[in-house]
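A short write-up of the structure that comes next.
Protein chains get the first letters and strands the later ones, always in sequence-line order, with residue 1 at the start of each.
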2 protein chains.
Amino acid sequence: MSDNQADAGGAVQSKRADARRNKETLLDAAAKVFVASGVDAPVRDIAREAGVGLGTIYRHFPTRADLVIAVYRHQVEACAEAGPALLASNASPYVALREWIDLFVDFLVTKHGLAAVLRSDSAGFETLHTYFLDRLLPVCTELFDAAVAAGEVRSDLSAYEVMRGVGNLCAGAEGDDRYDALRLVDVLVAGLRR
Amino acid sequence: MSDNQADAGGAVQSKRADARRNKETLLDAAAKVFVASGVDAPVRDIAREAGVGLGTIYRHFPTRADLVIAVYRHQVEACAEAGPALLASNASPYVALREWIDLFVDFLVTKHGLAAVLRSDSAGFETLHTYFLDRLLPVCTELFDAAVAAGEVRSDLSAYEVMRGVGNLCAGAEGDDRYDALRLVDVLVAGLRR
DNA sequence: AAACGATACGGAACGCCGTTCCGTTTAGCA
DNA sequence: TGCTAAACGGAACGGCGTTCCGTATCGTTT
């Protein structure tokens, strides 16, 4: 899962060993910097942490957003895969949805500022936004629709809105001890109930 | 309401006519640019629109945020003043709270990107963030506490969380027709109910 | 009317950002 | 052991908010 940065499947590996090694180094360094300083950390910080030039970063990841995507891709993957599993192991689709949202939220708040990226249109992050949506929205939709079909939640919303809503609630939760994102998401999810 | 930029009351007017005129021009220009391009519009755009140098802006408004505050001050004021009024004219504090939140949301979504500012810690916007909180939080608290006291809403939240939550839900609502912030706020507020 | 501070003005300059460009180095193959 | 395509580092670019300062203007005082 570590190499392709376009769609899953057909990505080509670089021929040269140093390039592959550097990409790996870069991903590690970026992950480290992201947890330390948030997703907004300057590209230069990551380059320094990796002991690498700026050009190197930008050949591997054409855009800051692409780097962020690559770093979090497999974590998003895990979240996506949990969806169907939860649906299968729960009698109530609503409960499954709630638990999936818990997972989603955990993921978001663990990574500094990642949630903020979910609502950003500032060009560069559009890619990341798109990726999150492409991968997670179908999962969320499946859970949400099941809960709607079971008559457990109100039906005047879209799964998309729920996901973005949750993402937005988590935005900027870091470093503000008066604001408990988990609890607010709980309120939102409670409001979903029919 | 047009001149003071510190706290209400004791602000001193500039002695020179051109300064007063420029400040006015600046506020008009900024308002115009903000509706056209959102609160994130570059300072230089505002300077150009006003036909004024950058230095002039920064003497009148030490920070971008101060300018934004000045532009929206009386609208924030109106929102703040509506709180007690709603509380007085409604039998149910919960209904008053809900209506106040409607006002608040209207204000946020009408002005491009203003909501995003509520969740931002990015240094530059801190002033703006602080101002919003200082003025609006007490109002929201009054309404919220009344609703809690009346036993109409759950009590494991703070007014601060509600306000930030609503603000967050509205962030990035522009230009996304699949995302209806109003409706999500509605869900959140419904979830508040006890 | 003239002269003179105090005050306000414009915009060049600074530091930080993401990103691009290109001369230099190096890996892997013949 | 060369040779070349690939990858490298980092200077340079344009855009941002903000600062700084020489210049122009205002309002006053003679």
Can you find an N or O donor on one side and an acceptor on the other, under 3.5 Å apart, linking the side chain of R59(A) with the base of dA7(D)? no

Just N and O in the side chain of H60(A): are any of them under 4.0 Å from OP1 or OP2 of dA7(D)? no

Please determine whether a side-chain nitrogen or oxygen atom of T63(A) lies at a distance below 4.0 Å from atom OP1 or OP2 of dT19(C). yes

Reckon A47(A) touches a base, only the sugar-phosphate, or nothing at all at heavy-atom distances under 4.0 Å? nothing

Check the hydrophobic clustering (I, L, V, M, F, W, Y; side-chain heavy atoms under 4.5 Å; chains of links allowed) and say if L133(B) and L169(B) are grouped together. yes

Report whether V105(A) and V35(A) are members of the same hydrophobic cluster (ILVMFWY, side-chain heavy atoms less than 4.5 Å apart, transitive linking). no

Separation of atom CZ in R21(B) from atom P in dC26(D), rounded to whole Å: 7 Å

Less than 3.5 Å apart, which donor and acceptor atoms pair up between the side chains of residues 41-52 of chain A and the rest of the protein, not counting sequence neighbours?
from	atom 1	to	atom 2	distance (Å)
D45(A)	OD1	R48(A)	NH2	3.2
E49(A)	OE2	K32(A)	NZ	3.3

Which parts of residues 30-45 of chain B get close to DNA chain C, meaning a heavy atom less than 4.0 angstrom away? R44(B)

Please round to the nearest 0.5 Å and tell me the distance separating atom CG of L27(A) and atom CD of E24(A). 6.0 Å

Tell me the interatomic distance from D18(A), atom CG, to dT24(C), atom C1', rounded to whole angstroms. 14 Å

Go through the side-chain N and O atoms of Y179(B) and N168(A) and say whether any donor and acceptor fall under 3.5 Å apart. yes

As a test of reading the structure: which of dA11(D), dT18(D), dC9(C) is closest to the side chain of R64(B), going by heavy atoms? dT18(D)

Taking only Lys NZ, Arg NE, NH1 and NH2, and the carboxylate oxygens of Asp or Glu, determine whether E161(A) and R183(B) approach each other closer than 4.0 Å. yes

So, R98(A) and D186(A), do they make that salt bridge, N to O below 4.0 Å? no

Measure from CD1 on I46(B) to C1' on dT18(D) and round the result to the nearest Å. 14 Å

Of G55(B) and A17(B), the one whose nearest nucleotide on DNA chain D sits closer to the 5' end is G55(B)

Given DNA chain C, 5'-ward residue of the pair L54(A) and N22(B), judged by closest heavy atom: N22(B)

Rounded distance (Å) that lies between atom P of dC8(D) and atom NZ of K23(A): 11 Å

Spacing between K15(A) atom NZ and dA6(D) atom C1', to the nearest angstrom: 11 Å

Quickly work out the I57(B) CD1 to dT19(D) P distance and round it to whole Å. 13 Å

Give the ring-plane orientation class for Y72(B) versus F107(B), where under 30° counts as parallel, over 60° as perpendicular and anything between as tilted. perpendicular

Interatomic distance where CZ belongs to R20(B) and P belongs to dT7(C) [whole Å]: 14 Å

Is it the case that dT26(C) (base atoms only) and R16(A) (side chain only) share a donor and an acceptor within less than 3.5 Å, ignoring hydrogens and angles? yes

Taking five pairs at each end of the helix from dA1(C)-dT30(D) to dA30(C)-dT1(D), what angle separates the two helix axes (nearest 10°)? 30°

Does R73(A) come within less than 4.0 Å of D66(A), counting only side-chain N to carboxylate O? no

Between D180(A) (side chain) and L182(A) (backbone), is there a donor-acceptor pair under 3.5 Å? yes

At under 4.0 Å, does any side-chain N or O of Y58(B) touch on OP1 or OP2 of dT19(D)? no

